[in-house]
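Bear in mind the structure is a predicted one, so any value in this text is a computation, not a measurement. Chain letters run A, B, ... following the sequence lines, proteins first, then strands; residues in each count from 1.
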Amino acid sequence: MKNSMRDSLQQGLQRFGSFFRKRPLDVDLDAEMRSHLELAVEENLKRGLSASEARRQALVQFGGVEQAKEQQRAARGMPWLDIALQDLRYSLRTMRRDYGFTLVAVAILALGIGANIAVFSVVDTILLRPLPFHNPQRLVWIAPPDANGLSASTYSADAYDDLLTMNRSFEDVTAYYAFSTSDNLKLTGSGEPTPLTGMGVLGNFFHVLGVEPELGRSFTKDETVKGGRAVVLLSHAYWERQFGGDRGVVGRSITLNGTPTTVIGVLPETFDFGAAFAPGSKVDVFEPTVLDDIRNEGNTLALIGRLKPGVTVAQSQAEATTLFPKFYWSKKFADSAGNYTARPMELKQYVSGKLRRSLITLWCAVGVILLIVCVNLSNLLLARAASRSKEFALRSALGAGRGRLVRQLLTESLVLAGMGAVLGLGLAYAITSYIAHQGSLALPLLNEVKVDGTALLWTVGISVGAAVLFGLLPGLKMSSGDLQEALKDTGQGMSAGKNHERLRSALVISEVALACVLLVGAGLLLRSFLRVLDVDLGFQPSNAAAIKMDYSDGGSTDKRNAIFEEAIRRVSAIPGVETAGISDNLPLERNRGWGGPSAKGKTYRKGEVPGAFVYIVSPGYVEAMGMRLHGRDFTWQDNMKGQSTVILNEKAAKFVSPGEDAVGKVVLIGNNEVHVIGVVADVHETNVEGVSGEQMYLPTTRDEWGPDGAEMVVRTKLPPAQLAGSVLRTLRELNPNQPAVEFRPIQGIVNRAVSPRRFFVMLVGAFAGLGLLLASLGIYGVISYSVTRRTQEIGIRMALGASAGRVQMGVISKTLKLAAIGIVVGIFASMLVANLISSLLFGTTPTDPITFVVMIVLLGAVAALAGYLPARRASRINPMVALRNS
Amino acid sequence: MGDSKLDLLQGTLDLMVLQTLSAMGEMHGYGIARRIEQVSGDEVLLNQGTIYASLVRLQHRGWISAEWGTSENNRKAKFYSITKRGLKQMAEDTVYWQRLSSVMGRVLAMGEREGE
């Protein structure tokens with residue numbers, strides 16, 4: 001038994017091997033048979049036969065030479081593979097002959113498959129693949145429920161200490177300093193000072209994430225305590241950019257913000273902090289955050305925990321609910337705003353959970369495109385079926401079974417899909433590398449998008465699926481018809497043709513319906529996007545730009561005032577500059593909140609006073625940002641006379657003095673009495689789509705809230721880019737250490753904030769356009785074919801007196817009938833789909849009538865156009881020629 | 001229908017080839033074919049070409065091996081010889097055939113007796 005199994009296995013292997021050595025084996029066989037015949041002839045000669053008789057008898061004894069060869073080949077080869085290859089060769093021959101069709105089919109498939117691979121790669125990277133950390137499913141993001149904005153989702157150093165000592169769920173907890181800003185460091189000592197971005201992290205950060213430095217080591221205990229040695233870890237990208245990938249960089253001392261700092265290691269290329277935690281931004285170096293240094297700064301730490309083995313996220317949530325209110329921090333500041341609760345969630349969920357719906361929508365949209373592609377190809381193949389029916393009838397008459405014919409057609413489909421997939425892969429590769437290098441897109445993990453092994457598997461899957469989908473129907477249809485009939489058929493006006501046409505019409509209807517769904521979906525998303533762009537941000541992003549000033553709050557308030565005032569005076573004097581002002585913080589970027597203002601003389605329950613977003617600004621900032629102001633702006637004299645002043649946004653003003661003008665009122669911020677001098681429009685502080693919270697603007701002239709960064713905002717008459725050079729030069733004159741940083745248009749900051757939505761709208765819009773194009777091609781194909789088939793009939797009708805206009809109308813009305821049925825089906829499907837994506841909509845409803853009407857009219861118009869061309873051709877048929885040709 | 005007949009013939013031929021090689025030692029295709037014809041007293045009308053399908057089958061199974069060499073009258077020819085595994089297989093098949101033919105003999109003899 002075992003023997004026979006081994007034998008058949010061995011035989012199989014031998015056969016497989018033989019398959020690839022066909023030619024040498026044939027040569028060998030030829031030689032063997034020749035020698036056989038020679039031996040036979042020789043023996044016959046010995047028996048005394050004449051030379052010719054000896055040869056003749058040898059051949060008779062041998063039997064048919066070709067037959068023997070065939071038997072031998074059958075015994076050694078793999079018949080099914082031979083047949084497949086035969087089919088393949090035949091398919092390629094057919095395609096070469098019909099290269100116009102092949103070109104169109106492959107191009108359509110390449111678009112459909114390519115788009116699918118590209119979207120799959122994005123979905124796979126952002127949604128499906130685990131985060132690039134060790135055991136990422138045990139990492140949790142610890143933030144309050146419904147945290148909106150950064151400082152609402154961060155905790156204090158005290159809270160961190162309490163959590164670390166009191167919790168039972170976490171193996172370890174770490175954090176990064178959530179208010180590290182971009183370009184917050186300056187490298188000096190080698191040529192021009194260059195800006196770089198440093199991220200503060202706790203000493204155990206990389207250990208908790210499970211990321212090992214590629215070179216050197218991570219932070220040690222004595223580097224993460226007050227007065228510890230200044231050290232940094234370099235990101236892989238910065239190491240390559242700044243140090244040319246020099247492995248000797250570990251241990252070297254560099255000067256950061258004037259402090260000699262030791263490089264202790266380089267992180268691996270796979271670790272990209274920005275990709276996971278701050279989409280669209282880059283981090284160059286990591287510095288240890290010392291808890292004691294930030295103890296009095298309030299909520300600044302973004303917490304990440306690693307669950308103990310066996311502990312679920314739900315268990316950690318339950319624990320956090322009871323644990324957080326017990327923290328020292330919450331007792332100490334019981335009367336002010338603070339984060340007393342937490343609802344841990346899987347880190348993956350935090351990083352990409354918000355995108356789930358958008359990505360799945362995108363995935364479905366691109367799937368619909370592939371469906372439309374398949375329908376289109378089915379139609380093209382069916383159209384060809386008519387012209388190929390004779391070929392198939394002939395093959396059938398020669399003994400090919402139905403299975404063989406279907407297999408032949410499927411082989412052709414597979415070859416088409418395969419070629420489409422190869423081109424599609426190229427297309428997807430181009431798209432994904434383009435997407436991965438879009439630094440301005442604020443989407444997590446996007447820079448890791450690439451066509452990888454999983455995507456290749458997906459490609460194979462969808463290509464084969466598509467081939468079966470578009471190949472099977474025409475295959476069955478073609479092989480089922482009365483093939484003998486087809487031999488006699490003149491190819492026109494027979495019942496089989498009618499049958500085909502009904503099927504083709506049904507396909508077109510479904511195509512129109514699918515396109516309708518795509519168009520309506522894209523329309524709704526586009527309308528939402530336009531609504532987002534229309535949002536009143538509370539400031540005017542156009543014609544304003546920001547530049548990061550080299551400034552660290554070391555000196556006295558007077559010194560700071562003098563520097564800021566002089567900088568603003570000089571920059572404002574540049575021709576083309578309207579106004580300038582300074583803030584430590586720009587909207588839609590870094591967000592920080594403190595305990596908000598409350599009305600004086602009123603008592604509040606605990607937690608009733610909301611926290612407020614804080615902007616510490618110089619005189620002129622409000623104007624430079626183009627914010628609506630009621631009351632007055634700060635002056636350089638504010639607070640010098642001992643009186644504290646504040647500008648509130650409308651929401652905060654409403655809180656402190658409901659129903660009355662807040663300007664002129666005295667409010668409490670903490671225990672300080674502060675005069676409200678102005679009220680400005682609500683600014684979108686964290687995102688364009690969300691609601692604004694309470695905000696307050698404090699003057700840079702007040703010492704206790706000195707800024708730790710300075711963004712100068714410049715409002716210009718000219719395009720901001722033209723002024724970048726002169727502004728930078730002016731700042732340099734004032735401070736030779738001013739690094740060469742970019743001049744950032746405020747519009748760019750807004751664009752980045754809406755970039756995820758723009759990204760989805762662009763893609764879904766592109767798919768909808770593609771769907772429309774394919775559907776119109778489908779309509780054109782069907783109508784055009786039906787006109788061709790009816791040439792004779794139309795000719796007769798025209799000979800009998802039908803006018804060209806009438807013929808034309810007939811064809812167009814047929815087109816519109818198909819389109820109308822498709823649109824009606826599509827409307828119902830669209831309404832279902834619109835409900836599914838309602839959470840992605842902004843400022844519009846799933847049944848938005850304008851979108852539905854516009855998209856349906858568009859689809860109808862394109863359908864009519866697609867039908868018009870064949871209609872015009874029909875009306876130009878010359879009756880005499882048509883009749884003669886029959 | 002036609003297939004099963006062929007299978008039976010193939011199986012028979014394979015065993016004849018094995019038996020021939022085991023009895024005669026190394027032989028070329030022509031020699032094997034001639035030998036079978038001779039032994040069968042020319043009762044089996046063998047298309048000599050058919051033997052090559054059998055030879056490749058046996059080779060694939062590892063029951064015989066082949067090598068190019070020179071024949072007694074100085075011609076290039078491919079020589080086949082039976083392997084150890086081939087010998088074992090032949091023994092098994094021989095037992096099977098003997099049992100089958102004795103059963104067949106008995107069954108057919110029964111028919112003769114009844115006919116008498």
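The line from CG of A/Leu37 to CD of B/Gln48 is 8.5 Å long, rounded to the nearest 0.5 Å.
Remark: B/Tyr96 OH is loosely packed, at most 12 non-hydrogen atoms of other residues, nucleotides or ligands lying under 6.0 Å away. By the 6.0 Å contact criterion, CZ on B/Arg99 is open, its count of non-hydrogen atoms from other residues, nucleotides or ligands being 12 or less.
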Under the side-chain contact (heavy atoms from CB on, under 4.5 Å) criterion, do A/Leu39 and B/Arg34 qualify, and how do the steps go?
CA-CA 11 Å; A/Leu39 287 163; B/Arg34 281 296 293 143; over 6 Å; no

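Side-chain atoms of A/Glu32 and B/Trp68, non-hydrogen and from C-beta on, do get closer than 4.5 Å to each other.
Just one residue in the list A/Glu42, A/His36, A/Glu38 forms a side chain to side chain contact (heavy atoms under 4.5 Å, CB included) with B/Tyr30, and that residue is A/His36.
For chain A, the nearby parts of B/Arg61 are the backbone and the side chain; heavy atoms of each come within less than 4.5 Å.
The two residues B/Gly49 and A/Ala68 have their closest heavy-atom pair at O-CB, 3.6 Å.
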